[in-house]
Amino acid sequence: MGLQQGFVTWFVGVLFLSTLLLSSADVHHYEFFVRESNFTKLCNTTTLLVVNDSYPGPEIRVHRCDTVFVNVHNQGNYGFTIHWHGVKQPRNPWSDGPEFVTQCPIQPGTNFTYEIVLSDEIGTLWWHAHSDWTRGSVHGAFIILPAKKETYPFPTPDADQTVILESWYDGDYKQIIDDALAAGVSPRQPNAYAINGHVGDTYGCPNDTIFRMQVDSEKIYLLRIINAAMNEHFFFTIANHTLTVVAQDASYVRRFTRDYILISPGQTMDVLVSANRNVGQYYMAIRPFSDSSAAPVDNITTGIFQYTNSEGGLNASLITLPVMTDTDAMINFLDQIRNTNVSQNPGINVPADKDIKTRAFIAIAVNNLPCNTCVLGTRLVASLNNVSFVSPRIDILQAYYNRNMSGVFTEDFPLNPPVFYNFTGDLTNFNTPIEEGTRVIVVNYGEGVEMVLQATQMGAGGSHPIHLHGFSFYWVGTGFGNFNNETDPSTYNLVDPPLINTVHVPGRRWVAIRFFATNPGVWFMHCHLERHSSWGMDTVLIVRNGKTKKTSIRPPPSTMPRCPGT
């Protein structure tokens, strides 16, 4: 029954995409030159690895169902890869990008052309490096406009504006995490937060620049907001203006209005704002949110929402952001997000109980392991179901596809925690054994999958943005405390759950997601807090081929980067 439902899901998706493709799809070509450039912020000059000498990097702007080729030239000093965050890449994991999962790094002095295949994504996504911490400076927006003759399911904006939220470090991002891993400790905090590469006017350096968005009175603007920060969830606001959320993670949502949004690392949100206040200059501002005992620096970074022909100064007292630890503000915002049944979205198709063939209950934790060479005699690691992911030296996709390489990964990721405990209780003196390994989940094509993601108080506790490559999934449930598999499923929203690619798992809570495994390939799943991913809060989902060519992985391109030593 599950495979039949999977076929129906695939067929309905084909019809939806075929309708869009009738309006014609285009092919685009971009050239990315990745090299070191100097940037001065906070009265200090830093050398960063960036794309085309810009921070953030160049924007890709295309239409729904288009195909994009990006030729990436590595003119830097070390290897890296690039990921097209939120693009499903149907049957094409070869261009998904995570290092040593779907490819080996692009080495200095070489290039590789990614083929990015768009399907039903609409709105705002982004691209970023997927090697070590290189994404801190190698990232940019990926804007997907409606297909030709397709309209928005809301008032057509007069203009749009990309707003990228970032963590600014005075230093090389890769070196920062390399040093922290060698010492076994947490990487240092960022020196500032930034909006579109500008750190604003709150850090005390007179030479710092502030992002300005020029607007005309009575016009409607679509903000395309991307959280590209390394480890920080952000509250975002525009003083004295209301924000109407219309999409998340390249899928339309039921419209709702707030005076702030909450956006987690990896997530994107499309937000309408009307320039309907008195002509003037108004602060836009971000501040981190944290429900962890390892809190970020509570800095506010500013931009300016500036009406044409406005005069006069700014009033900082008009910035009304929740305090950093306001969990009620976090929950109240997340509770508003719902799918919307509009023609521009794929039909809502949530796997029913009878369709679920693979169920995983995954405990998320930060742990310690002994380390003789580390500063404290232990090193920080992170885990999913007590497995801390170890990145291999040959990519998992190549090993899986060729079937002639052993020892790269094992197909035995535990679908339940090996030890059940009070996940959200006081765990001060509690620890569980941790194993390191490259253990993956394997499912059949077309089957329904449910994952319950359980935040724990191991380590510093707190929220986790969990991202799954290759899919958008339905966020069907959430609740406080420990998940109860007998009573909590009755609270699931199977009517209009959001269709997203990165889910915010709040501290001391659980979330449940469902999807049909209709994209064959090797797909990374990880926490988008970069320090947690670096410590091993990752796994891999392998979806086996279906029975036809159209339900099987495409052959690899002949130009895939070679793995070290091969």
Side-chain angles (χ1 to χ4, degrees), residues 42 44 46-49 78 80 99-100 129-137 166-193 228-233 264-266 288-299 324-325 363-391 426-438 455-466 505 507 526-539:
L42 308 177
N44 184 62
T46 301
T47 301
L48 297 180
L49 189 72
Y78 50 81
F80 63 87
E99 185 177 74
F100 294 118
H130 216 302
S131 308
D132 305 300
W133 272 30
T134 308
R135 79 164 178 86
S137 56
E166 300 154 307
S167 309
W168 173 261
Y169 285 83
D170 283 337
D172 179 81
Y173 287 78
K174 183 179 184 301
Q175 192 64 50
I176 289 167
I177 188 58
D178 286 350
D179 291 346
L181 291 175
V185 299
S186 185
R188 67 180 176 87
Q189 299 273 19
N191 299 90
Y193 309 126
M230 301 300 286
N231 297 292
E232 295 82 26
H233 314 263
S264 296
F289 161 77
S290 178
D291 53 359
S292 166
S293 60
V297 178
D298 189 13
N299 287 332
M324 183 176 72
T325 57
I364 304 168
V366 173
N367 318 89
N368 290 280
L369 285 177
C371 176
N372 293 332
T373 61
C374 295
V375 174
L376 302 175
T378 61
R379 60 186 174 93
L380 286 166
V381 297
S383 64
L384 300 174
N385 278 354
N386 293 42
V387 178
S388 185
F389 185 80
V390 175
S391 181
D426 182 359
L427 302 176
T428 304
N429 297 313
F430 181 81
N431 207 348
T432 58
I434 299 301
E435 297 182 9
E436 294 184 289
T438 311
T456 76
Q457 287 300 101
M458 295 292 291
S463 293
H464 303 277
I466 301 297
V505 183
H526 61 98
C527 182
H528 227 280
L529 299 183
E530 209 63 26
R531 66 180 185 272
H532 289 172
S533 184
S534 299
W535 294 338
M537 197 176 283
D538 324 292
T539 190

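One-based numbering along the sequence shown. Everything numeric here is computed off the predicted structure, so don't read it as measured data.
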Suppose we call two aromatic rings close when their centres sit under 6.0 Å apart. Are His526 and His130 close by that rule?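 Under 6.0 Å, so yes.
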
Do [X] and [Y] come within less than 4.5 Å of each other through their side chains, counting heavy atoms only?
| X | Y | answer |
| --- | --- | --- |
| Tyr78 | Lys174 | yes |
| Pro190 | Val297 | no |
| Val366 | Leu380 | yes |
| Pro265 | Leu529 | yes |

Sequence neighbours excluded, which residues qualify as side chain to side chain donor-acceptor pair (under 3.5 Å) partners of [X]?
| X | answer |
| --- | --- |
| Asn368 | none |
| Trp133 | Ser534 |
| Asp538 | Ser533 |
| Ser131 | Thr81, Glu99 |

Would you call the rings of His233 and Phe289 parallel, tilted or perpendicular if under 30° counts as parallel and over 60° as perpendicular?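 Aromatic pair His233/Phe289 classed perpendicular.
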
For [X], check side-chain contact (heavy atoms from CB on, under 4.5 Å) against everything at least two apart and list the hits.
| X | result |
| --- | --- |
| Ala129 | Thr134, Arg135, Val138 |
| Ala182 | none |
| Thr47 | Glu36, Asn38 |
| Asp179 | Gln175 |

What's the shortest heavy-atom distance between [X] and [Y], and which atoms?
| X | Y | answer |
| --- | --- | --- |
| Asn386 | Pro433 | ND2-O, 2.9 Å |
| Ala382 | Ser388 | O-OG, 2.9 Å |
| Ala180 | Ser186 | CB-C, 4.1 Å |
| Ile364 | Thr456 | O-OG1, 2.7 Å |
| Glu530 | Asn231 | N-OD1, 2.9 Å |
| Pro288 | Pro296 | CB-CG, 3.7 Å |

Is it the case that the side chain of [X] and the backbone of [Y] share a donor-acceptor pair, with hydrogens and angles ignored and the cut-off at 3.5 Å?
| X | Y | result |
| --- | --- | --- |
| Glu232 | Ser290 | no |
| Asp291 | Gly462 | no |
| Asn385 | Ala363 | yes |

Step-by-step side chain to side chain contact (heavy atoms under 4.5 Å, CB included) determination, Leu42 to Trp168: CA-CA 10 Å; Leu42 308 177; Trp168 173 261; 3.8 Å; yes

Got a sec, which pairs hit side chain to side chain donor-acceptor pair (under 3.5 Å) with one end in residues 369-380, sequence neighbours left out?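 Output for this query lists Arg379-Glu436.
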
Kindly compute the distance separating [atom1] ([X]) from [atom2] ([Y]), expressed to the nearest 0.5 Å.
| X | Y | atom1 | atom2 | value |
| --- | --- | --- | --- | --- |
| Met324 | Asp298 | CE | CG | 4.5 Å |
| Arg531 | Ile176 | CZ | CD1 | 13.5 Å |
| His528 | Met230 | NE2 | CE | 9.5 Å |
| Tyr169 | Asn191 | OH | CG | 8.5 Å |
| Ile434 | Ser383 | CD1 | OG | 4.0 Å |
| Trp535 | Cys527 | CH2 | SG | 10.0 Å |

Applying side chain to side chain contact (heavy atoms under 4.5 Å, CB included), run through Ser391 and Thr438 and close with a yes or a no. CA-CA 7 Å; Ser391 181; Thr438 311; over 6 Å; no

Those residues that, when tested against Asp170, pass salt bridge (Lys or Arg N to Asp or Glu O under 4.0 Å) (two or more places apart):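 Per chain and number, Asp170 pairs via salt bridge (Lys or Arg N to Asp or Glu O under 4.0 Å) with no residue.
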
Applying ring-ring contact (aromatic ring centres under 6.0 Å, His included), name anything that partners Phe80, two or more places apart in sequence or on another chain.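 For Phe80 there are no ring-ring contact (aromatic ring centres under 6.0 Å, His included) partners, ignoring immediate neighbours.
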
I'd like to check the ring-ring contact (aromatic ring centres under 6.0 Å, His included) partners of Phe430; sequence neighbours left out, ordered by chain and number.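 By the ring-ring contact (aromatic ring centres under 6.0 Å, His included) rule, Phe430 matches Tyr421.
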
Report the C-alpha separation of Tyr173 and Leu49 in whole Å, then their side-chain angles, then the decisive distance to 0.1 Å, and conclude whether the side chain to side chain contact (heavy atoms under 4.5 Å, CB included) test is met. CA-CA 9 Å; Tyr173 287 78; Leu49 189 72; over 6 Å; no

